[in-house]
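Before any comments, here is the structure.
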Amino acid sequence: MYQPKAFGTFLKKKNHIFRQSAYLQWGESEKSIGSFLLLNPGSASHETVKDLRDGQSVFAPISLDPTMKQVVKLVEAFYQLEPLNGRIHLYNLFTLQNTKDSEAIAQIEYFGGRG
């Protein structure tokens, strides 16, 4: 099978990047073929994200990070006898983008304590 395309919506707020939504796309259909609940967004991003100003957001194609690549393997194993055509939505318990989960958890706890 081929690598799916990935897309995400990013928001910059107070010098932090939040990935508000993401999905993996096989084929052309917009139909949901599944979803995954993850802890927090990893390294998948787009070059325009670094140029965002505070409060700006962007929807863009993104590179697959290591977690997304594992999701792809799992999905393709489930659907090995069927051609894939649709979207796998990726949801996160929190949207702060950080590749180190322990740091991301500490940041979210800090933000939560500060309102």
Side-chain angles (χ1 to χ4, degrees):
M1 297 207 174
Y2 68 95
Q3 281 289 87
K5 297 174 188 168
F7 299 89
T9 302
F10 297 85
L11 168 70
K12 185 172 185 176
K13 196 161 190 169
K14 297 185 180 179
N15 285 329
H16 295 285
I17 300 297
F18 297 86
R19 191 174 76 203
Q20 297 176 301
S21 65
Y23 64 87
L24 300 169
Q25 176 74 49
W26 283 265
E28 301 299 321
S29 176
E30 294 180 12
K31 178 183 169 189
S32 176
I33 57 174
S35 63
F36 284 78
L37 178 61
L38 307 169
L39 179 63
N40 66 298
S43 61
S45 193
H46 187 270
E47 60 189 42
T48 60
V49 171
K50 68 180 186 302
D51 297 326
L52 291 175
R53 285 187 240 132
D54 194 57
Q56 283 187 316
S57 65
V58 65
F59 172 79
I62 55 178
S63 57
L64 274 66
D65 65 22
T67 302
M68 288 178 169
K69 289 177 183 176
Q70 289 299 317
V71 168
V72 168
K73 286 181 184 179
L74 194 57
V75 169
E76 289 179 346
F78 289 150
Y79 287 93
Q80 62 183 319
L81 300 177
E82 294 179 46
L84 285 166
N85 189 24
R87 294 178 179 176
I88 295 289
H89 294 271
L90 304 175
Y91 299 103
N92 292 287
L93 292 176
F94 52 91
T95 61
L96 177 65
Q97 189 169 23
N98 191 323
T99 57
K100 295 183 180 178
D101 59 353
S102 59
E103 287 179 14
I105 291 168
Q107 282 181 302
I108 289 297
E109 289 175 346
Y110 174 77
F111 293 153
R114 296 182 57 98

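When a residue number appears, it is its place in the shown sequence, counting from 1. Worth saying up front: this structure is predicted, and the values here are computed from it rather than measured.
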Taking Glu82 for the side chain and Tyr79 for the main chain, is one N or O donor matched with an acceptor at less than 3.5 Å? no
Are Arg87 and Phe7 side-chain neighbours, meaning at least one heavy-atom pair lies under 4.5 Å? no
On a heavy-atom basis, which atom in Lys12 and which in Leu52 lie closest, and how many Å separate them? CD-O, 3.1 Å
Do Val49 and Phe59 share a hydrophobic cluster, counting only Ile, Leu, Val, Met, Phe, Trp and Tyr and linking them when any side-chain heavy atoms are less than 4.5 Å apart? no
Are Leu39 and Tyr23 in one and the same hydrophobic cluster, where Ile, Leu, Val, Met, Phe, Trp and Tyr link if side-chain heavy atoms are under 4.5 Å apart? no
Take Trp26 and Val72, measure what side-chain contact (heavy atoms from CB on, under 4.5 Å) needs, and give me the verdict at the end. CA-CA 10 Å; Trp26 283 265; Val72 168; 4.1 Å; yes
With a 4.5 Å cut-off on side-chain heavy atoms, are Leu24 and Val75 touching? no
Output for pair (Lys14 NZ, Asp54 CG), nearest 0.5 Å, gives 8.0 Å
Any heavy-atom pair between the side chains of Thr67 and Phe36 that's under 4.5 Å? no
Working to the nearest 0.5 Å, report the span between OG of Ser63 and CE of Met68. 8.0 Å
In this structure, CD1 of Ile17 is separated from CG of Leu11 (nearest 0.5 Å) by 7.5 Å
At what distance, to the nearest 0.5 angstrom, does CD of Gln70 lie from CG of Asp65? 10.5 Å
Answer yes or no: is there a side-chain heavy-atom contact under 4.5 Å between Leu93 and Leu37? yes
Could you pull out the closest heavy-atom pair between Leu84 and Glu76, with the gap in Å? CD1-CG, 3.8 Å
If I compare all heavy atoms of Gln25 with all of Ser29, which pair ends up nearest, and what's the gap? NE2-O, 2.7 Å
Are Pro61 and Lys5 close enough that some pair of their side-chain heavy atoms sits under 4.5 Å apart? no
Residues Thr95 and Gln20: closest non-hydrogen pair is CG2-CA, 4.3 Å
To the closest 0.5 Å, what do you measure between CZ (Arg19) and CG (Leu90)? 6.5 Å
Judged by atom type as modelled, is there a donor-acceptor pair below 3.5 Å linking the side chain of Asn40 to the main-chain atoms of Asn92? no
Take the angle between the ring planes of His16 and Phe18 and call it parallel below 30°, perpendicular above 60°, tilted in between. perpendicular
Heavy atoms of Thr48 and Ala60 approach each other most closely as OG1-CB, 4.5 Å
